[in-house]
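Each remark here refers to the structure printed beneath this line.
Computation of the quantities below employed the complete heavy-atom set of this structure, encompassing side-chain atoms and omitting hydrogens, waters and symmetry-equivalent molecules.
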Amino acid sequence: MSKQPKLVYQSWKANNKFLLGGRLIFGPDAKSLIITFTLILVPVVLFCVFVARNLVLELQRESAGYAILVITIVFTIYVFILLLSTSAKDPGIVPRNSHPPEEVLGYDSSASVETGSRPPRFKEVLVNGLPVRVKYCETCMLYRPPRCSHCSVCDNCVERFDHHCPWVGQCIGKRNYRCFFLFVSSTTLLCVFVFSISALYLKLLMDDSGTLWKAIKESPASAALMAYCFIALWFVGGLTGFHLYLIGTNQTTYENFRYKGDNRVYNQGCIKNFLQLFCSRIEPSKINFRSYVQEGVSKPPKSNIQETDINISDGDTRIKVEDDLDIGDDIMKISQRRNSEEIGDVRGRGSDRSPIGRSEVDFGLGLESQLSSRPSY
């Protein structure tokens, strides 16, 4: 009975977690989604029960209370969809190799010519006419594309790596950065909305009771929601502002902290940078996690980063000649030893041993003459 082949997600070597048969991919800290979900859901429920429901009664003639309730529910669902899209999507994982690239296996111009030598850690490639260093990843056995970095949490190389966000339990990269920014900015707007409507409800209560203190005593949930949203705005609001700056300058969080804002290579101007993020097509995932694992040993891949054409023919020939000379030396020693031991027996004892001795002598001398006739390098 043949063994059933595994799917890619079932034999995945990194730290990701999968759901629904590999359709959803999460980071190893996906449980933090429960905390994020709770931090959003609980204040929204309190708002709907203690503020929006009372506003439906207060503003019954204008029907504005119903509009506030519907907007809150719909906008909260939208925020949760963005959260799930950010967390459950492939962020732009680069498929790892099962073998080092061919040039790393032995014949790299900047490495030793001996097979199996340690590959150079960095290479230079041209991006928009400017040199950019790319690094060799020993875990994924590839030269990382520009703007790619290896996430130590997920153990993947991620294209246009921004950061690993513990609040969504996933890397933020090329394929989910748009959803991440929309999630953060939408959460900011939700906080502003809840804060404003809670303040409006306290204002209506204060008009009836006469003092702010009496209004707070009548609706302590409104005051608590205002305090909660004010604190949350410092976090999500500041994060939204920071990422607006990064988008406008076409940077990632990783690049901003590592290169101190020096981004001459990718910055195309503020408007083009925003259009590139929000109007460009999101590329499909490079990995089909629901496909079957290809069994067998594949040919070592070529380097994924094209630097320059590397001429290895001279080095290859030189290595082959050196190997031939080593073999020739060993054979000549054997032939000399056999010559001294056997030739006397061949002459003295007759034809019964002569075929064996003569064939070994001829074999050694023949190889010696072939090697001496080879051109030197």
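- In this structure, Arg121 fails the cation-pi test against Tyr136, since its NZ or CZ atom is not both closer than 6.0 Å to the six-membered ring centre and inside 45 degrees of the ring normal.
- Applying the side chain to side chain contact (heavy atoms under 4.5 Å, CB included) rule to Gln268 yields the partners Lys272, Asn273, Gln276; only residues at least two apart in sequence or on another chain are considered.
- Between Phe181 and Tyr177, the two ring planes are parallel [angle under 30°; tilted spans 30° to 60°].
- At a threshold of 4.5 Å between non-hydrogen side-chain atoms, the residues Val153 and Asn15 do not count as touching.
- In this structure, Ile172 and Pro91 have side chains that are not in contact, with every pair of non-hydrogen atoms separated by 4.5 Å or more.
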Go through the steps to decide whether Phe180 and His243 satisfy the test ring-ring contact (aromatic ring centres under 6.0 Å, His included), and finish with yes or no. CA-CA 10 Å; Phe180 170 77; His243 280 279; 5.3 Å; yes

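- With a 6.0 Å cutoff to the six-membered ring centre and a 45° limit on the axis angle, Lys17 does not count as a cation-pi contact of Phe26.
- For Leu189, the side chain to side chain contact (heavy atoms under 4.5 Å, CB included) test picks out Phe75, with sequence neighbours left out.
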Show me the donor-acceptor pairs, under 3.5 Å and distance only, between side chains in residues 212-221 and residues at least two apart or in other chains.
residue, atom, partner, partner atom, Å
Ser219, OG, Ser222, OG, 2.7

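- Using a 4.5 Å cut-off between side-chain heavy atoms of Ile, Leu, Val, Met, Phe, Trp and Tyr, with links allowed through other members, Phe183 and Phe242 fall into the same hydrophobic cluster.
- Between the side chain of Arg175 and the backbone N or O of Glu283, at least one donor-acceptor pair lies under 3.5 Å.
- Every residue two or more places apart in sequence or in another chain that forms a side chain to side chain contact (heavy atoms under 4.5 Å, CB included) with Asn16 is listed here: Trp12, Ala14, Phe18, Ile25, Ile93, Cys154, Asn156, Gln170.
- Arg290 places a side-chain N or O within 3.5 Å of a backbone atom of Gly21 that can act as its donor or acceptor partner.
- Among residue pairs with one or both ends in residues 67-90, those qualifying as side-chain hydrogen bond (donor to acceptor under 3.5 Å, both in side chains) are Asp90-Ser285; sequence neighbours excluded.
- Residues Ile73 and Ile77 are in side-chain contact: their nearest non-hydrogen atoms beyond the backbone lie under 4.5 Å apart.
- With contacts defined as side-chain heavy-atom distances shorter than 4.5 Å, the pair Ser280/Arg178 qualifies.
- Taking the ring axis of Phe161 as reference, the NZ or CZ atom of Arg147 does not stay both within 45° of it and closer than 6.0 Å to the ring centre.
- Lys286 and Glu159 are joined by a salt bridge, as a carboxylate oxygen and a charged side-chain nitrogen come within less than 4.0 angstrom of each other.
- Side-chain contact between Phe195 and Leu225 is absent, with no heavy atoms from C-beta onward closer than 4.5 Å.
- Looking at Val8 and Asn288, their side chains never come closer than 4.5 Å, going by heavy atoms from C-beta outward.
- Leu190 has its side chain within reach of Val44: a pair of non-hydrogen atoms, C-beta onward, lies under 4.5 Å apart.
- Remark: the backbone N or O of Pro166 is paired with a side-chain donor or acceptor of Ser32 at under 3.5 angstrom.
- Every residue two or more places apart in sequence or in another chain that forms a side chain to side chain contact (heavy atoms under 4.5 Å, CB included) with Val45 is listed here: Leu41, Val49.
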